[in-house]
Amino acid sequence: QVQLVESGGGLVQAGGSLRLSCAASGGTFSRYTMGWFRQAPGKEREFVAAISRTGGLTDYADSVKGRFTISRENAKNTVYLQMNSLKPEDTAVYYCAADWTLRIIVVVTATEYDYWGQGTQVTVSS
C-alpha cells in the first residue's frame with residue numbers, strides 16, 4: 001500500500017506559477033501510474049494530468065494544456081505538477097493519486113485510482 005503526501009500549494013496572483021510535489025512511500029513507486037486531480041468548492045473532482053509509470057506518456061485536461069506540466073522522478077518517489085500562467089479558475093484543492101498497473105498507460109478516470117493523497121490548496125487571486 002502506498003501513501004501519498006502533496007506539498008507546494010499556496011496563494012499566488014494570476015499569471016504566477018507554483019510547483020506541486022507528491023511524495024510516495026510504502027510501495028514500489030515505478031509500478032504506479034500517477035495522476036493529479038483537483039476539486040473546487042461546490043464542484044466535482046476533475047482530472048488535471050496523468051503520467052505513465054516510466055514518464056514517457058502524459059495526458060492533460062484541455063483547460064490546463066500548455067500551462068501545466070506533469071513529471072516524475074522514480075528515484076525520488078515523487079511526482080510533480082508545474083503550474084504556469086495560473087488563472088483564478090485554477091483555484092482548488094489539488095490531489096495526487098496512484099494506480100498500480102503493469103502497463104505503460106495514463107489513467108484519466110478518478111475511479112480507477114487506488115490511492116489518494118490528502119490534497120493541497122491552491123488559490124489564485126485576480
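When reading the values below, keep in mind they use all heavy atoms of this one structure, side chains included, and skip hydrogens, waters and symmetry mates.
A salt bridge does not link Asp90 to Lys87: none of the charged nitrogens lies less than 4.0 Å from a carboxylate oxygen.
Here CG of Asn74 is found 10.5 Å from OG1 of Thr28. Values are rounded to the nearest 0.5 Å. One distance of note links CZ of Arg38 with CD of Glu44; it measures 14.0 Å at 0.5 Å rounding. Considering OG1 of Thr120 and CG of Leu18, their distance stands at 8.5 Å, rounded to 0.5 Å. Rounding to the nearest 0.5 Å gives a distance of 11.0 Å between CD of Gln3 and CD of Gln118. One distance of note links CG of Asn77 with OG of Ser25; it measures 8.0 Å at 0.5 Å rounding.
Using a 4.5 Å cut-off on side-chain heavy atoms (C-beta onward), Met34 and Tyr80 make no contact. Proximity of Ile51 to Thr33: side-chain heavy atoms (C-beta onward) are nowhere separated by under 4.5 Å. A 4.5 Å side-chain heavy-atom check between Arg19 and Met83 finds every atom pair outside the cut-off. Between Asn84 and Phe68, the closest side-chain pair of non-hydrogen atoms is not below 4.5 Å. Counting heavy atoms from C-beta on, the side chains of Val2 and Tyr32 come closer than 4.5 Å. Between Tyr60 and Val48, the closest side-chain pair of non-hydrogen atoms is not below 4.5 Å.
Listed for the Thr123 side chain is no donor-acceptor partner under 3.5 Å among the backbone atoms of Leu11. Between the Glu73 side chain and the Val79 main chain, no donor and acceptor come within less than 3.5 Å of each other. Formation of a donor-acceptor pair under 3.5 Å by the Arg72 side chain with backbone atoms of Phe29 is found in this model. Although no hydrogens or angles enter the test, the distance criterion places a donor-acceptor pair under 3.5 Å between the side chain of Arg53 and the main chain of Ser30. Between the side chain of Thr69 and the main chain of Gln82, no donor-acceptor pair closer than 3.5 Å is present.
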Could you tabulate the donor-acceptor pairs under 3.5 Å formed by side-chain atoms of residues 97-115, not counting sequence neighbours?
{"residue": "Thr101", "atom": "OG1", "partner": "Arg103", "partner atom": "N", "Å": "3.0"}
{"residue": "Tyr113", "atom": "OH", "partner": "Val107", "partner atom": "O", "Å": "2.6"}
{"residue": "Asp114", "atom": "OD2", "partner": "Trp100", "partner atom": "N", "Å": "3.0"}

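Considering Val12, Leu86, Val124, Val122 in turn, Val124 is the only one that fulfils the side chain to side chain contact (heavy atoms under 4.5 Å, CB included) rule with Thr91.
Nearest approach of Ser21 to Thr78, heavy atoms of both residues: CB-CG2, 4.3 Å. Shortest non-hydrogen contact noted between Ala24 and Leu4 is CB-CD2, 3.7 Å. Scanning both residues, Ala14 and Ser126, for their nearest heavy atoms gives CB-CA, 4.4 Å. Between Gly56 and Ser52, the closest heavy-atom pair is N-OG, 3.3 Å.
Aromatic ring centres of Phe37 and Tyr95 lie farther apart than the 6.0 Å criterion allows.
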Report task. Just do the side-chain contact (heavy atoms from CB on, under 4.5 Å) check on Trp36 and Glu6 with the steps written out, would you? Result -> CA-CA 10 Å; Trp36 285 97; Glu6 302 95 336; 3.9 Å; yes
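Phe47 and Trp116 fall within a single hydrophobic cluster, where Ile, Leu, Val, Met, Phe, Trp and Tyr are joined by side-chain heavy atoms under 4.5 Å apart, directly or via other members.
Dense packing is recorded around CD of Glu46, with more than 12 heavy atoms of other residues, nucleotides or ligands lying under 6.0 Å away.
Note on residues 96-126: pairs passing disulfide bond (SG atoms under 2.5 Å apart), not counting sequence neighbours, are Cys22-Cys96.
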